[in-house]
2 protein chains.
Amino acid sequence: MSKEATSAQLNEARPEAAPLSRRERVREATLAEIKAAARRRLVAQGSGGVSLRAIAREMGMTAPGLYRYFASLDDLLLSLEADLFAELGAYVTAANEGVPEDDVDGRVLVSLRAFRFWALANRAEFTLMFGPADPRHPGSPHEDAAMEAGRRFAATFFALFDRLLGEGRFPLPDADGIPRALSCQLRAFAEATGYTSENAADGALRVLTACWVRLYGLVCMEVFQHMAFAMDDMEPLFEAELRDVLESVGVRYRPPAEGNRT
Amino acid sequence: MSKEATSAQLNEARPEAAPLSRRERVREATLAEIKAAARRRLVAQGSGGVSLRAIAREMGMTAPGLYRYFASLDDLLLSLEADLFAELGAYVTAANEGVPEDDVDGRVLVSLRAFRFWALANRAEFTLMFGPADPRHPGSPHEDAAMEAGRRFAATFFALFDRLLGEGRFPLPDADGIPRALSCQLRAFAEATGYTSENAADGALRVLTACWVRLYGLVCMEVFQHMAFAMDDMEPLFEAELRDVLESVGVRYRPPAEGNRT
DNA sequence: CGCTTCAGTAAACGTCGTTTACTGATATTA
DNA sequence: TAATATCAGTAAACGACGTTTACTGAAGCG
C-alpha cells in the first residue's frame, strides 16, 4: 500500500509491443518529469499555482518547450488528472487485495476507507479530480484519457457492489417506487459508466447511486474543508456514515483497525 | 420567489441608525457596483475569470482604484461570497414564506428545492460558496462576514429541522450507538453553527448531519457536473433522494408542483 | 479660507499563457 | 557516408494579470 502507485501498470491495449525507440523513451521520461513537477506545484500552491513557466523553471527549461508535450496548460492538467485517477484506482485496488478475497465485507470497508484516506492525503489532487469542472477546453487531447481513467476507477467499486448484489445481501427497493424519469436516467448512467451487469436492475442502480452520493458528499465536505470551522475531525462522522451506508447494503460494519494508516 | 433577492434586507444590528453621509452613500454605491461587475465576470468566465482589471475596465476606472474598497482580489471574492450567502438565504426564506406556516412538510420541501434551484441557476456563485476552499489569505477583512453569512443561511434549515424534531416526527437513533468521538464532534458542530436548541441531543445532530450530507453531496455533483457524462438530468435522482431523506425525518414527500420554477 | 481626507490615476514590477521564428541535435533515407 | 527530414528546445515578443508606489484633484470640514 505504498503511496506512489505505479502509474505505468497498464499499457492499455497497445497493439505493437512497443519496442520504444530511444527518442520515445526519453520523451516519455520528460513527460513524466513534467507531470511530476506539475504535481509538486499543485500540492504546494493548489490548482491555481500550477503554471507552465514555474514547471519549466523547475526543470531547467523554458515554458514554450512544454508545448512540445501538451497543447496547453489545461491539457497538462487533464493529463495529470488521468494519471491521478489511475493512481487512486491502484491505491484502492492494493488496499482491496490486502484482504482475503472471500471477505467481501472487509474488502468493501477497506476500499471505501482507502478512498477517503487517499483523498485526505492528496487534497489538492482530489480537488482537481472531483472538484468543480470549470469550462475547460472541450477539445483537449487528454480529455478522453481522463474520462477513461475515471471510469476504470469507478469500476473497482462497481465490482464490489455487484458482488453484494449477486449475493442478495440487501432487498431492492420496489421497482414501482421508481418513476419512469429516474429509471431512464439510471439506465443512462449504467450505460455511460459501463456498469452493465445483468444484475443491475433499476432498483440496484438506485441503491448504488444513493450510497455513492453519501460518501462522495462527505469526503468532499472534508477535503474542501467545508465544516472545518465546526468540526475539526471528520473521521467519526465518516465512520458513522460508512456504518449506516453499509448497513443498507447488507455489509457488517467493523471499526477500523488501529494500524491501517499506510 | 423572484430571482434577484434583496440583499439589503438586513442591516445586521448597526448600532447607530446610520445617517449615512453623502460620501458614505456614494461609497456604498460604488462598492455594490464593483461586486455587481465581479459577479458578472464570475458568471461569464467562472471563478478564475474575475480580475480586478476587468472589473475596473467595465466600470470605467483603473484597477488600483479598487484597492480603496478591497484589500485584494481574494478579499473582494470573500465579500461577494458573503453577499451571495445572504441572497441564497433570502431566496430560501422567500420560498419558505410562500407556504402556510403550519404546513411544515411543505416548507421543508420547498426550502430544499429552492436551495437546489438557486444552485443550478447560479452555478458559478454556488461553486464559489460551496466549492473547494483554496488556501485563501487568512487575514482577509471580509473573512468573518462570509462566515457569518453562511451561518445565517444554515440557520434557516436548522429552524425547520428543529421544528420537526420538536414535533417528534422521527425516532432518534440510539444514543449508545453514537461513539464518544462522534458525540464530541457533533457538539462542537452544534456550538460552532449556533444550533443550540434544547432539543438538539446527539442523536438529533447525527440525523441532521446525515440529511445535509446527502443533499449537499448531490447538489455538488450536479453543479460541478460530476455525472454530466452519465446523466443529463439529475432532477429525478434529486427528487428520489429528497423523498428518502425526508422520509427518514418523518416528512411526507410530495412531488413538485408544475409551475414552481420562479 | 485653509487643511485634511480620500477617490482615483499613471507608471512600473514581476507574474502568467501563448505564438512566432529560429537553432541545433537526432533519426531516417539515399 | 552524406543529405534530409523530424523534433526538442530557445529567444523574443504580445497582451493580460495582481499589486505597489507616487501622485492629483476634488469633496468635506474647521
Side-chain angles (χ1 to χ4, degrees), chain A residues 16 18-35 37-38 40-42 44-80 128 134-142, chain B residues 18-35 37-38 40-42 44-80 134-142:
Chain A
E16 291 79 3
L20 271 196
S21 84
R22 150 140 193 88
R23 266 252 260 260
E24 289 168 314
R25 254 181 303 133
V26 40
R27 185 170 222 283
E28 224 61 32
T30 311
L31 223 111
E33 190 187 343
I34 294 173
K35 290 197 277 202
R40 269 192 300 276
R41 303 289 303 178
L42 181 68
Q45 316 237 14
S47 169
V50 186
S51 79
L52 291 178
R53 296 189 118 112
I55 293 168
R57 210 179 302 130
E58 193 169 329
M59 296 177 56
M61 55 184 284
T62 59
L66 296 176
Y67 283 82
R68 293 275 162 198
Y69 298 88
F70 296 99
S72 69
L73 175 59
D74 273 354
D75 186 39
L76 194 168
L77 286 172
L78 226 41
S79 170
L80 182 56
L128 183 66
D134 30 1
R136 280 223 185 80
H137 292 182
S140 238
H142 291 89
Chain B
L20 272 195
S21 84
R22 151 140 194 87
R23 267 253 259 258
E24 289 169 315
R25 254 181 303 133
V26 42
R27 185 171 221 282
E28 223 61 31
T30 311
L31 222 113
E33 191 188 343
I34 294 172
K35 289 197 278 201
R40 268 192 300 275
R41 302 288 304 178
L42 181 69
Q45 317 238 12
S47 170
V50 186
S51 80
L52 291 179
R53 294 188 119 111
I55 293 168
R57 208 179 304 128
E58 194 169 327
M59 296 176 57
M61 57 183 282
T62 60
L66 297 177
Y67 282 82
R68 293 276 163 199
Y69 298 88
F70 297 99
S72 70
L73 176 59
D74 273 353
D75 186 39
L76 194 168
L77 287 172
L78 225 41
S79 170
L80 181 55
D134 29 1
R136 281 223 185 80
H137 293 183
S140 240
H142 292 88

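Letters go in sequence order (proteins before strands), and every chain restarts at 1.
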Is Arg27(B) close enough to dA7(C) that one of its side-chain N or O atoms is under 4.0 Å from OP1 or OP2 there?
yes
Rounded distance (Å) that lies between atom P of dA21(C) and atom OH of Tyr67(A):
17 Å
What's the CG-P distance between Leu52(A) and dA11(D), to the nearest Å?
17 Å
Arg23(B) side chain: which of dA27(D), dA27(C), dT10(D) is closest?
dA27(D)
Looking at side-chain heavy atoms only, is the closest gap between Ile34(A) and Met59(A) below 4.5 Å?
yes
Check the distance between dC6(C)'s P and Leu31(B)'s CG and give it to me in whole angstrom.
15 Å
Report yes if the side chains of Leu52(B) and Tyr67(B) come closer than 4.5 Å at any heavy-atom pair, otherwise no.
yes
Taking the side chain of Arg68(A) as heavy atoms from C-beta outward, which of dC6(C), dT19(D), dA8(D) is closest to it?
dA8(D)
Between dA10(C), dA7(C), dT19(C), spot the one nearest the side chain of Thr62(B), thanks.
dA10(C)
How close or far is atom C1' of dT28(C) from atom CD of Glu24(A), stated in whole angstroms?
14 Å
In whole angstroms, the gap separating P of dT9(C) from CE of Met61(B) amounts to 5 Å
Nearest-Å distance for atom pair CG/C1', residues Leu73(B) and dT20(D)
16 Å
Hey, which of these two, Pro64(B) or Pro64(A), hits DNA chain C nearer its 5' end, going by closest nucleotide?
Pro64(B)
Does dG9(D) have its OP1 or OP2 closer than 4.0 Å to a side-chain nitrogen or oxygen of Tyr69(A)?
yes
Roughly, in whole Å, what's the span from CG in Leu66(A) to C1' in dT10(D)?
12 Å
Stepwise, does the side chain to side chain contact (heavy atoms under 4.5 Å, CB included) test hold for Phe70(A) with Leu31(A)?
CA-CA 9 Å; Phe70(A) 296 99; Leu31(A) 223 111; 4.3 Å; yes
Between P on dG9(D) and CD on Glu33(A), what's the gap in Å once rounded to a whole number?
10 Å
Can you tell me which nucleotide in dA11(D), dT15(C), dG18(D) comes closest to the side chain of Arg53(B)?
dG18(D)
Run the numbers on Ile55(B) and Leu76(B) for side chain to side chain contact (heavy atoms under 4.5 Å, CB included), then give the verdict.
CA-CA 11 Å; Ile55(B) 293 168; Leu76(B) 194 168; 4.0 Å; yes
What pair of heavy atoms forms the shortest contact from Ala38(A) to Leu80(A), and how long is it?
CB-CD2, 4.2 Å
